[in-house]
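Let me begin by presenting the structure, written as structure tokens, before commenting on it.
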Amino acid sequence: MPPRTPTPPRPRRLRRALACAVSIAVVMLTTAGTGHAEPYAPPAAVPAMAPSTLDARYAAERHAIENALATARDVGDADRVRAFGAFLRPERRFLYFDPRGNGRAIEVIGDIASARRVVVLVPGADTTLTAFDTRGAKPWSTPSGGAHTIYTQALHTHPAATQTPRGQTPQRWGRVQAGRESVGVAVVAWLGYAAPRTFSRDVITDERAGEGAVRLRRFLWDVHRVNPSSRVGLLCHSYGSVLCGRAAKDGPEDAAWRQVTDIALYGSPGTTAWSAAQLGRGRARIWSGRGATDWMEDVPHVRFLGLGLGPDPVSRSFGARVFDAGNGGHSDYLAPGSASLRNLTAIALGHPAGVTSG
């Protein structure tokens, strides 16, 4: 394993000064409404999640995306026309879709009803429906792109997690190999909350995270109803780690939460918890990692009067299992071929022996 490249002192000081300036600036920002009427319809009623209703749920959400695409064309929203058109590719399946505001969506890769392992990817700030698939030249940094990267990595490096059980047909195994279905693992791109903007006061408080934590726990109950024997790994990036932290420490120790065996916090500004013990509660393994050039290192890890998000999850005092996140930056954790991708996939699949320490 190549050694991590230390950040030179001068660039590190500049990064720290910039990060502090940004932190001060966002406190002073306010969010004003545009005054524009919402052109997109609210989500229609859909069947509750159960093994027998999944196909109907996927079909209902596809219909909702079709309606939203028509609205986007009517109002001349070119970015959403592109995004929603991509959502409608035949192989894609969504469990939830809400086009209002910046939007929410939950996409499933694999067969969530039969998977032995369900991986839930929780993204961070600035994640919207138009950034669900593409963001610059780094598709792996988006919810859907990252979920596909994890799924592909699992297929290639952990074949035992995706092998077809005895009795399955070669035809079905062919679909597994094609990346369309897996009875071993399912990966969920979970944009189930209103992610804050980086340059906003919301990003240095846990208000959005608290709202999202309720929604995440509700979704995990849906997974439990669909597949009570599965085990769950949470991959929580950036502000998504704040959400996962709130979900872990605030909610009850119920049957759905007991399915969670691993929680990975990467590129994290904090979780509002003072230690990993508050999150794991003796059951889930709590992991943390940060790339050597991730600017999040220089964000003040404090919490006072509701501002700030608490201790640094990669600090020794926090007590998480620190994994090798390589030399990448804030958007590079799921880059193909990276040490961070290999380790996050092993964590997601519940293979702690396959994780290299940071």
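All heavy atoms count here, side chains included; hydrogens, waters and symmetry mates do not.
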### side-chain hydrogen bond (donor to acceptor under 3.5 Å, both in side chains) partners for Arg258, two or more places apart
none
### Message
Just to verify, what does Ser230 make a side-chain hydrogen bond (donor to acceptor under 3.5 Å, both in side chains) with, not counting sequence neighbours?
### Response
Gln259
#### Entry: Distance under 6.0 Å and angle within 45° of ring axis: Arg93 vs Tyr58
yes
Closer than 3.5 angstrom, by distance alone: can the side chain of [X] be matched with the main-chain N or O of [Y] as a donor-acceptor pair?
X      : Y      : answer
Thr142 : Phe132 : yes
Thr293 : Gly328 : yes
Asp98  : Arg104 : no
Glu38  : Gly101 : yes
Thr71  : Asn67  : yes
Arg57  : Ala48  : no

### Task
Decide, yes or no, whether a salt bridge links Arg290 with Glu297 under the criterion of side-chain N to carboxylate O below 4.0 Å.
no
### Message
Between Arg89 and Asp133 (salt bridge meaning N to carboxylate O under 4.0 Å), is one present in this structure?
### Response
no
### Message
Checking side chain to side chain donor-acceptor pair (under 3.5 Å) between Asp262 and each of His351, Arg231, Arg117, which is the one that passes?
### Response
Arg117
### Query
Does the side chain of Tyr333 come under 3.5 Å of the side chain of Asp294 through a donor N or O and an acceptor N or O?
yes
### Query
Does a donor on one side chain sit under 3.5 Å from an acceptor on the other, for Ser241 and Ser268?
yes
### Message
A side-chain contact here means heavy atoms from C-beta on lying under 4.5 Å apart; do Arg283 and Trp257 qualify?
### Response
no
### Query
Side-chain contact, heavy-atom cut-off 4.5 Å: Thr157 with Arg342?
no
### Query
For the residue pair Phe94 and Phe97, does the interplanar ring angle fall in the parallel (under 30°), tilted (30 to 60°) or perpendicular (over 60°) class?
perpendicular
### Parallel, tilted or perpendicular, as decided by the 30° and 60° cut-offs, for the rings of His330 and Trp295
tilted
